[in-house]
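Working notes, beginning with the structure itself.
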Amino acid sequence: MSNTTQTINEQDQKSVTNKRYLPLLLLNYGFLFIGSLSSSLLSKYYFNHKGSSRWVSTWVQSAGFPLLIIPIVVPYYLFKSTQRKPFTGFTPKILALSIFIGFMLGVNNLLFSWGNSYLPVSTSSLLLSSQLVFNLILSVIIVKQKITFMNLNCVILLTLSSVLLALESSNDQPHDVTKTKYFIGYLATIGAGLLFALYLPIMEMVYKKVYCYAMVMEMQIVMEVAATVLASIGMVFGGGFTEMKREGYQVFDKGEKVYWATVVSNVVSWQLCFMGTAGMVFLTCSLTGGICMTALLMMNVVGGVVVYKEEFGGVKVVSTVMCGWGFCSYVYGIYLVNHSMLMWRFTSTIASDVALSH
């Protein structure tokens, strides 16, 4: 097959006119929904039942990278639905970028683990929603995202919701966590949001030259290998592997079987989360991906309240409403833009037909 024909076939996978586009988009959002909610709850479950190693919590976020081989090899070797051989066109530049972003992702995973070990799930989720603020700013700088009233309104509301949580943090502080640790968890979570917000527009910039979903997964594997190497180094020097065995046998208060089930479930859920995130950025854009993740963080807040009986009054209610308000305003803004573009195209088509008839 010629390079031109192969490029056209690859472009079709990203085109909104392709009949596979919408199912692929919905599938990735489903992965993101399941992965985001379950990974947050499972990570907190690990710490709630006397799991204490932040390196273990960091390592499980990327150690499941072999699972990503499935969406790469199955379409080519089993279903014969693509003619592109896996890892074809994977240039040294893409490899270097993937490794660099992977190390950045590894640091982000560590910060998330620190924050999640000290903060309630609902508070952590609301703070992570602030990544949308950074996402918008960095998207403007990196991929020239246009600022509109709708996305600016969304940013302001999400910023205020995080400030409210910071001002009222003493009411939400767990009994076994000191003020210093709570503050560390707060800063670590904000830092994780900042790094992930940087990750999204960088990936959008890289994906502009990629037209194949399988290649996106290939890049994701390289990133997570790099993140796993970073976490494994920390595990070795921090005694993480030894601690993992000790926790399973002696420390985890739900028993050894439940401990390993929690670890494996964490590994799978994080892969679903990262797979969905990469797919959303590839099929849409980094800001839309960030908006979708912010919407799902509201589900994480509810999940923390329902599963772990976390307090949900006063400030958290207001913060959640503000986050939801900001998200809805952005979605409505997207609707208005798409509706205007559709009407413009419809009007242009009619005008062209009239001109041709005369």
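For clarity, every value in this text was computed on a predicted model and none was experimentally measured.
Interatomic distance, Leu272 CG to Ser39 OG, rounded to the nearest 0.5 Å: 9.0 Å. Atom OH of Tyr46 sits about 8.5 Å away from atom CZ of Phe252, to the nearest 0.5 Å. Atom CG of Leu42 sits about 13.0 Å away from atom NZ of Lys44, to the nearest 0.5 Å. Note that the NZ atom of Lys245 and the CD atom of Glu256 stand 11.5 Å from one another [nearest 0.5 Å]. The line from CD1 of Ile142 to CD1 of Ile137 is 11.5 Å long, rounded to the nearest 0.5 Å. Distance OH/Tyr199 to CD1/Ile101: 7.5 Å, rounded to 0.5 Å.
With contacts defined as side-chain heavy-atom distances shorter than 4.5 Å, the pair Ser57/Phe47 qualifies. Taking 4.5 Å as the limit, every side-chain heavy atom of Tyr259 sits out of range of all side-chain heavy atoms of Lys254. Looking only at side-chain heavy atoms (C-beta outward), Ile94 and Thr91 come within less than 4.5 Å of each other. In this structure, Met223 and Phe103 have side chains that are not in contact, with every pair of non-hydrogen atoms separated by 4.5 Å or more. Side-chain contact between Met217 and Ile221: absent, with no pair of heavy atoms (C-beta onward) separated by less than 4.5 Å. Pro71 is listed as a side-chain neighbour of Met275, based on a closest heavy-atom distance under 4.5 Å. Counting heavy atoms from C-beta on, the side chains of Leu287 and Glu204 never come closer than 4.5 Å. Thr277 has its side chain within reach of Leu200: a pair of non-hydrogen atoms, C-beta onward, lies under 4.5 Å apart.
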- request: Using the side chain to side chain contact (heavy atoms under 4.5 Å, CB included) rule, take Ile34 and Ser269 through it: C-alpha gap first, then chi angles, then the decisive distance, then the call.
  value: CA-CA 7 Å; Ile34 296 171; Ser269 63; over 6 Å; no
- request: Please lay out, stage by stage, how Phe134 and Leu198 fare under the test side chain to side chain contact (heavy atoms under 4.5 Å, CB included).
  value: CA-CA 7 Å; Phe134 306 128; Leu198 178 61; over 6 Å; no
message: Evaluate Leu97 against Met219 for side chain to side chain contact (heavy atoms under 4.5 Å, CB included), listing each step before the verdict.
response: CA-CA 9 Å; Leu97 279 172; Met219 294 176 64; 5.9 Å; no
- request: Any chance you could lay out the side chain to side chain contact (heavy atoms under 4.5 Å, CB included) test for Asn266 and Tyr45, step after step, and finish with the verdict?
  value: CA-CA 10 Å; Asn266 257 300; Tyr45 184 84; over 6 Å; no
Criterion side-chain hydrogen bond (donor to acceptor under 3.5 Å, both in side chains) on Asn28 and Tyr213, from CA distance to verdict: CA-CA 11 Å; Asn28 277 271; Tyr213 181 76; 2.8 Å; yes
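A donor-acceptor contact under 3.5 angstrom links the side chains of Ser139 and Ser286, judged on distance only. For Gln271 and Gln61, the side-chain atoms include no donor-acceptor pair closer than 3.5 Å. There is no side-chain donor-acceptor pair under 3.5 Å between Ser40 and Asn116.
Just one of Ile99, Leu195, Asn109, Leu230 meets the side-chain contact (heavy atoms from CB on, under 4.5 Å) condition when paired with Met104; it is Leu195.
In this structure, the salt bridge (Lys or Arg N to Asp or Glu O under 4.0 Å) partners of Glu243, at least two apart in sequence or on a different chain, are Arg246. Annotation: side-chain hydrogen bond (donor to acceptor under 3.5 Å, both in side chains) contacts of Thr228 (sequence neighbours excluded): Ser62. Residues satisfying the ring pair (Phe, Tyr, Trp, His ring centres under 6.0 Å) criterion with Phe33, sequence neighbours excluded, are absent altogether.
Using a 4.5 Å cut-off between side-chain heavy atoms of Ile, Leu, Val, Met, Phe, Trp and Tyr, with links allowed through other members, Val60 and Leu41 fall into the same hydrophobic cluster. In the hydrophobic cluster analysis, where Ile, Leu, Val, Met, Phe, Trp and Tyr join through side-chain heavy atoms closer than 4.5 angstrom, Leu138 is grouped together with Leu105. Note on Tyr118: it clusters hydrophobically with Trp55, by side-chain heavy-atom contacts below 4.5 Å among ILVMFWY residues. Phe87 and Val216 end up in the same hydrophobic cluster when Ile, Leu, Val, Met, Phe, Trp and Tyr side chains are linked at under 4.5 Å. In the hydrophobic cluster analysis, where Ile, Leu, Val, Met, Phe, Trp and Tyr join through side-chain heavy atoms closer than 4.5 angstrom, Tyr249 is grouped apart from Val251.
The main-chain N or O of Ser52 is found under 3.5 Å from a side-chain atom of Glu247 such that the two form a donor-acceptor pair. Not a single donor-acceptor pair under 3.5 Å links the side chain of Tyr29 to the backbone N or O of Leu24. A donor-acceptor pair under 3.5 Å is formed between the side chain of Thr189 and the backbone N or O of Gly185.
Between Ala214 and Ile72, the closest heavy-atom pair is O-CG1, 3.9 Å. In this structure, Arg54 and Leu110 approach most closely via the heavy-atom pair O-CD1, 4.4 Å.
A salt bridge is defined here as a Lys NZ or Arg NE, NH1 or NH2 lying under 4.0 Å from an Asp or Glu carboxylate O, and Arg84 with Glu218 meets this definition.
The neighbour count for Tyr308 OH, taken as heavy atoms of other residues, nucleotides or ligands under 6.0 Å away, is above 12. Surrounding CZ of Phe100 are at most 12 heavy atoms belonging to other residues, nucleotides or ligands under 6.0 Å away.
Using the six-membered ring where Trp is involved, Phe282 and Tyr207 have ring planes that are perpendicular, over 60° apart on the 30 and 60° scheme. Classification of the Tyr186-Phe183 ring pair by plane angle, with boundaries at 30° and 60°, yields parallel. Using cut-offs of 30° and 60° on the angle between ring planes, the pair Trp59 and Phe241 is perpendicular.
The six-membered or imidazole ring of Phe112 lies near that of Trp270, with a centre-to-centre distance under 6.0 Å.
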